[in-house]
**Student:** 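Below you'll find the structure I mean.
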Amino acid sequence: MRVAFLGKGGAGKTTTSAGFIRYLASKKPFVLAVDADVNAHLKGALHRTDWSGQEFEIGEEREAIISYLKGDRQDLGERTMVGTTPPSSKSRFIEVSKHDPLISKYALTSGNIALLTVGTYKESDVGGACYHVKLTGLQSFFHHLLDGEEDYVVADTTAGTDNVATSLSFAYDMNVFVVEPTKKSVQVYLDYLTVAPHLAERTYVIANKVDTPEDELFILKHVPKDKLLGAVPHSKHLKRFEQGRKEALDDFMKEQEVVFERVLSTWQEKKRNWNNYLERLRSTHTKVCRDWLDDYFGEKLDEGLDSDFTYEQALSQRKVAALV
Ligand SMILES: Nc1ncnc2c1ncn2[C@@H]1O[C@H](COP(=O)(O)OP(=O)(O)O)[C@@H](O)[C@H]1O
Ligand SMILES: [Mg+2]
């Protein structure tokens with residue numbers, strides 16, 4: 001199960017996703033956190049001091065990650081594997097576990113939280129790679145992740161409607177928009193639904209930095225009631241915490257708790273249809289190949305791919321492997 005936090009810059013995506021990750025970690029055996037924002041602040045917002053492991057930016061490791069996931073597949077021949085290339089039965093897959101080889105290599109861990117970070121721009125990127133290129137490793141990661149209903153993956157994402165343009169847009173089972181009670185903040189959510197109406201059903205809202213009942217009513221003018229998961233107050237505890245009062249973080253957590261319960265219960269009702277996921281991945285891959293990838297690489301990148309592959313097959317093989 002995967003959830004992404006989206007919204008306008010400054011609305012509270014990182015604060016809210018970090019809070020939700022801490023909340024989940026207090027209830028569930030393991031949480032995989034993903035910082036998929038160019039402004040990589042999730043690690044700091046988790047307020048842990050005991051991180052272990054080597055720090056990687058997976059945006060920089062995309063070629064190594066894609067090459068690992070390629071495994072023994074032969075269907076590609078000499079053709080390049082990219083972020084949207086659908087898996088084959090001979091691919092390597094990933095499990096939501098701190099023992100998974102890819103996660104244990106690239107994630108930092110603190111207790112039962114593992115954190116993957118896509119990473120920010122380098123000076124050498126200026127004028128060159130856009131953030132979408134950095135996200136290709138993460139796309140391939142998600143398209144090879146065999147997560148079940150008891151696996152929890154939480155991503156803090158880029159501001160605005162940016163991820164609609166990539167195959168990450170359908171990689172998450174649920175999208176949570178963090179929306180401040182302002183026109184601009186609500187507009188980012190409305191714009192998202194305009195460009196991605198097919199994702200409306202899985203997209204929800206948390207009203208953040210709410211001071212008064214009028215603030216909540218303002219949000220309800222634009223967001224259907226059944227899509228609003230709740231409101232988090234404009235917290236004086238968070239400000240205290242940021243001023244150095246450590247214990248104020250727990251008070252802020254209490255202010256968020258009811259909303260987080262609702263996020264979790266709504267999320268748990270979502271069931272991924274793996275066949276639809278694969279179909280969407282295949283059609284997206286074909287589209288980006290025709291749009292520009294084929295020209296860019298000078299190859300037909302979607303030709304000859306393993307058309308017999310299904311995620312069900314990969315999941316059942318994994319179950320059998322776990323038994324022996
Ligand atoms: N509920 C809240 N109450 C008070 N301040 C908040 C709240 N949520 C976020 N903030 C503050 O708003 C600022 C932006 O939050 P952040 O999570 O970094 O936004 P984003 O990731 O969307 O850019 C930070 O200074 C954060 O402390
Ligand atoms: Mg942020």
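Start at 1 and go down the list; that is how both ligands and their atoms are numbered. What you see is a predicted model, and the numbers here were worked out from it, not measured in a lab.
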**Student:** Sequence neighbours left out, what pairs pass ring pair (Phe, Tyr, Trp, His ring centres under 6.0 Å) with at least one residue falling in residues 196-221?
**Tutor:**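 Qualifying pairs: Phe218-His222.
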**Student:** How far is atom 23 (O) of ligand 1 from the closest protein heavy atom, and which atom is that?
**Tutor:**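 So the nearest neighbour among protein heavy atoms is Gly10 N, 2.7 Å.
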**Student:** In terms of atom number and element, which parts of ligand 1 are under 4.0 angstrom from non-hydrogen atoms of Lys13?
**Tutor:** 17 (O), 19 (O), 20 (P), 21 (O), 22 (O), 23 (O)
**Student:** So, does Thr120 use its side chain to make a donor-acceptor pair with the main chain of Val38 at under 3.5 Å?
**Tutor:** yes
**Student:** If you measure from each non-hydrogen atom of Asn208 to ligand 1, which part falls under 4.0 Å: side chain, backbone, both or neither?
**Tutor:**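 The side chain, only.
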**Student:** Of all the heavy-atom pairs spanning Val118 and Lys134, show the shortest one and how long it is.
**Tutor:**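 Heavy atoms only, the tightest pair is CG1-O, 3.8 Å.
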**Student:** Are there any protein N/O/S atoms under 2.8 Å from the Mg ion (ligand 2), and if so, which?
**Tutor:**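 The answer is Thr14 OG1.
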**Student:** Does atom CD of Glu63 have more than 12 heavy-atom neighbours from other groups under 6.0 Å away?
**Tutor:** no
**Student:** Quick one: do the Asp306 and Ser89 side chains pair a donor with an acceptor below 3.5 Å?
**Tutor:** yes
**Student:** Among protein heavy atoms, which lies nearest atom 19 (O) of ligand 1, and at what distance?
**Tutor:**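 Closest protein heavy atom to atom 19 (O) of ligand 1: Gly12 N, 3.1 Å.
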**Student:** Give a yes-or-no answer on whether the side chains of His143 and Ser167 include a donor-acceptor pair shorter than 3.5 Å.
**Tutor:** yes
**Student:** Under 6.0 Å from the six-membered ring centre of Trp274 and within 45° of its axis: does the NZ or CZ of Arg272 meet both?
**Tutor:**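 Ring-cation test returns yes.
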**Student:** Examine Arg2 relative to Tyr172 and say whether NZ or CZ is less than 6.0 Å from the centre of the six-membered ring and inside a 45° cone about the ring axis.
**Tutor:** no
**Student:** Quick one: look at Thr14 and ligand 1, take heavy-atom pairs under 4.0 Å, and tell me if it's side chain, backbone, both or neither.
**Tutor:** both
**Student:** What protein heavy atom is closest to atom 27 (O) of ligand 1, reported as residue, atom name and distance in Å?
**Tutor:** Glu242 OE2, 2.6 Å
**Student:** Within less than 4.0 angstrom of ligand 1, does Pro233 place any heavy atom?
**Tutor:**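 Yes, that is the case, since the closest heavy atom of the residue is under 4.0 Å from the ligand.
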**Student:** Closest non-hydrogen protein atom to atom 12 (O) of ligand 1, residue and atom name please, with distance?
**Tutor:**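 Sorting protein heavy atoms by distance from atom 12 (O) of ligand 1 puts Lys209 NZ, 2.9 Å first.
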**Student:** Could you check whether any heavy atom of Gly7 sits closer than 4.0 Å to an atom of ligand 1, since that is the contact criterion I want to use?
**Tutor:**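 Checking ligand 1 against Gly7, which is what was asked, there is no heavy-atom contact under 4.0 Å.
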**Student:** Looking only at distances, please establish whether an N/O atom of ligand 1 is found under 3.5 Å from an N/O atom of Ala11.
**Tutor:**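 Yes, there is a polar N/O contact under 3.5 Å.
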**Student:** Between Phe93 and Phe309, how do the two ring planes meet: parallel, tilted or perpendicular, split at 30° and 60°?
**Tutor:**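 Ring orientation, 0 to 90° scale: parallel.
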**Student:** Can you list, by chain and residue number, the hydrophobic cluster partners of Phe297 when the side-chain cut-off is 4.5 Å?
**Tutor:**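 Members other than Phe297 - counting any ILVMFWY side chain reachable under 4.5 Å - are Val82, Val288, Trp292, Leu293, Tyr296, Leu301.
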**Student:** Is a side-chain donor-acceptor pair under 3.5 Å present for Thr84 with Thr284?
**Tutor:** no
**Student:** Tell me the contacting part of Ala45 for ligand 1: side chain, backbone, both, or neither, using a 4.0 Å heavy-atom threshold, strictly below.
**Tutor:**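 Looking at Ala45 and ligand 1, no heavy atom falls under 4.0 Å.
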**Student:** Quick test: of every protein heavy atom, which one is nearest to atom 7 (C) of ligand 1, and how far off is it to 0.1 Å?
**Tutor:** Leu238 CD2, 3.6 Å
**Student:** Taking both backbone and side-chain atoms of His234, is any N or O found less than 3.5 Å from an N or O belonging to ligand 1?
**Tutor:** no
**Student:** Starting from atom 3 (N) of ligand 1, what is the nearest protein heavy atom, named by residue and atom, and what distance separates them?
**Tutor:**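 Checked against all protein heavy atoms, atom 3 (N) of ligand 1 sits closest to Ser235 N, 2.8 Å.
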**Student:** Consider only side-chain N and O atoms of Asp37 and Thr157, and report whether a donor and an acceptor are under 3.5 Å apart.
**Tutor:** no
**Student:** With a 4.0 Å heavy-atom cut-off (strictly under), which part of Lys8 contacts ligand 1: side chain, backbone, both or neither?
**Tutor:**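 For Lys8, only backbone atoms sit under 4.0 Å from ligand 1.
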**Student:** Distance under 4.0 Å to a non-hydrogen atom of Val232: what atoms of ligand 1 satisfy this?
**Tutor:**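 Every atom of ligand 1 under 4.0 Å from some heavy atom of Val232: 1 (N).
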**Student:** Decide salt bridge (Lys or Arg N to Asp or Glu O under 4.0 Å) for Lys105 and Glu61; before the verdict, give the C-alpha distance in whole Å, the side-chain angles of both, and the deciding distance to 0.1 Å.
**Tutor:** CA-CA 11 Å; Lys105 174 161 185 188; Glu61 305 298 324; 6.0 Å; no
**Student:** Show which residues join Val258 in its hydrophobic cluster (side-chain heavy-atom contacts under 4.5 Å, direct or indirect), or state none.
**Tutor:** none
**Student:** For atom 26 (C) of ligand 1, what is the closest protein heavy atom, and at what distance to 0.1 Å?
**Tutor:** Thr15 OG1, 3.7 Å
**Student:** Hey, is the main chain of Leu249 close enough, under 3.5 Å, to the side chain of Lys254 for a donor-acceptor pair?
**Tutor:** no
**Student:** Which of the atoms of ligand 1 are close to Gly9, meaning less than 4.0 Å from one of its heavy atoms?
**Tutor:**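 Here the atoms of ligand 1 in question are 23 (O).
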